[in-house]
Amino acid sequence: MSGLNSLKLVSASQKNMAGPMELKRKKLSAKLQEQIQLAKAQQSGASYAPAVVRTVKDPVTGESKRVERPKKIKPWWWQNENGKTCITVRYGAKPLELAKGQNAVETSGIAEVITTLQIIKTAVEAGDLDAQIQALASKTPLITDEPPPVKRPILGLRK
């Protein structure tokens with residue numbers, strides 16, 4: 001017990017300081033950082049595929065083991081018909097509306113894509129796009145464990 005006497009003991013509990021909106025911001029910010037890294041790799045002519053760890057079951061032995069695989073990341077930018085590069089910010093599978101009726105940013109090339117993504121990332125972290133994130137997140141249906149109720153046909157019984 002002499003070792004514990006040298007420590008400063010307190011009564012404390014860990015609290016989750018991040019609210020739901022903060023978690024959504026962090027999620028989108030992490031995805032934007034991936035897109036920035038992908039754009040930088042494309043600009044330098046390299047490839048970018050971060051490794052993710054997956055658990056795979058061996059079909060022969062039935063043993064589960066952890067393996068690293070490259071994560072597939074699709075770029076959020078493309079060339080439009082005018083030769084300009086357009087960027088959409090995606091929250092989940094849907095594009096985020098950056099302004100009323102506008103969901104893309106037009107840039108001149110890959111260097112400007114990187115700058116634009118960094119500006120958007122800063123805006124997300126500052127909370128400037130919270131209303132748009134919340135609007136898109138509220139449209140997503142909630143996943144429940146219960147299956148939807150099944151309507152059974154009413155049978156007419158004869159007396």
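Heads up: numbering here begins at 1 and tracks the sequence.
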**Prompt:** If only atom types and distance count, is the side chain of Asn80 paired as donor or acceptor with the main-chain N or O of Asn82 below 3.5 Å?
**Reply:** yes
**Message:** On a heavy-atom basis, which atom in Ile73 and which in Pro50 lie closest, and how many Å separate them?
**Reply:** CD1-CD, 3.6 Å
**Prompt:** Any idea which heavy atoms bring Pro75 and Gln35 closest together, and the distance?
**Reply:** CA-OE1, 3.4 Å
**Item:** Glu68 side chain to Val53 backbone, donor-acceptor under 3.5 Å
**Value:** no
**Request:** Would you check if Trp78 and Thr85 make a side-chain contact, meaning some heavy-atom pair closer than 4.5 Å?
**Result:** no
**Asked** Should Leu136 and Glu97 count as side-chain neighbours, where that means a heavy-atom distance under 4.5 Å?
**Response** no
**Item:** Crowding at CD, Glu63 (>12 non-hydrogen neighbours, <6.0 Å)
**Value:** no
**Asked** Is there side-chain contact between Asn103 and Leu98, with heavy atoms separated by less than 4.5 Å?
**Response** no
**Asked** Among all residues two or more places apart in sequence or in another chain, which pass the side chain to side chain donor-acceptor pair (under 3.5 Å) test with Ser47?
**Response** none
**Message:** Could you go through Arg90 and Leu96, starting from their C-alpha distance and side-chain angles, then the distance that decides it, and tell me whether this counts as side-chain contact (heavy atoms from CB on, under 4.5 Å)?
**Reply:** CA-CA 5 Å; Arg90 303 187 76 75; Leu96 188 68; over 6 Å; no
**Item:** Donor-acceptor contact below 3.5 Å, side chain Gln33 vs main chain Leu28
**Value:** no
**Request:** Quick one: list whatever passes salt bridge (Lys or Arg N to Asp or Glu O under 4.0 Å) with Lys71, sequence neighbours left out.
**Result:** Glu34
**Complete:** Nearest heavy-atom approach of Pro95 to Thr88 is CB-CB, 4.5 Å
**Asked** Rounded to the nearest 0.5 Å, what separation is found between the OG atom of Ser29 and the CD atom of Glu22?
**Response** 9.5 Å
**Asked** When you measure from the side chain of Asp58 to the backbone N and O of Gly62, does any donor-acceptor pair fall under 3.5 Å?
**Response** no
**Request:** Can you sort out the partners of Glu106 under salt bridge (Lys or Arg N to Asp or Glu O under 4.0 Å), two or more places apart, ordered by chain and number?
**Result:** none
**Prompt:** Given the rule that I, L, V, M, F, W and Y join up when any side-chain heavy atoms are under 4.5 Å apart, are Met21 and Ile120 in one cluster?
**Reply:** yes
**Request:** Taking the side chain as every heavy atom from C-beta outward, state whether Lys121 and Leu117 have any pair of such atoms under 4.5 Å apart.
**Result:** no
**Asked** Taking the side chain as C-beta and beyond, is there a heavy-atom pair between Val113 and Trp76 under 4.5 Å?
**Response** no
**Asked** How many angstroms lie between CD1 in Ile110 and OG1 in Thr116, if you round to the nearest 0.5 Å?
**Response** 10.0 Å
**Item:** Heavy-atom pair with the smallest gap, counting every atom of Ala135 and Ser138
**Value:** O-OG, 2.9 Å
**Request:** Establish, for the pair Lys27 and Tyr91, whether the NZ or CZ atom is under 6.0 angstrom from the six-membered ring centre and no further than 45 degrees off its axis.
**Result:** yes
**Asked** What residues form a salt bridge (Lys or Arg N to Asp or Glu O under 4.0 Å) with Asp130, not counting sequence neighbours?
**Response** Arg25
**Partner residues of Glu112 under the side chain to side chain donor-acceptor pair (under 3.5 Å) criterion, sequence neighbours left out** = Ser108
**Message:** Suppose we screen for side chain to side chain donor-acceptor pair (under 3.5 Å). Which residues come up paired with Gln134, at least two apart in sequence or across chains?
**Reply:** Lys24
**Message:** In the structure I gave you, are the side-chain heavy atoms of Thr107 and Trp77 within less than 4.5 Å of one another anywhere?
**Reply:** no
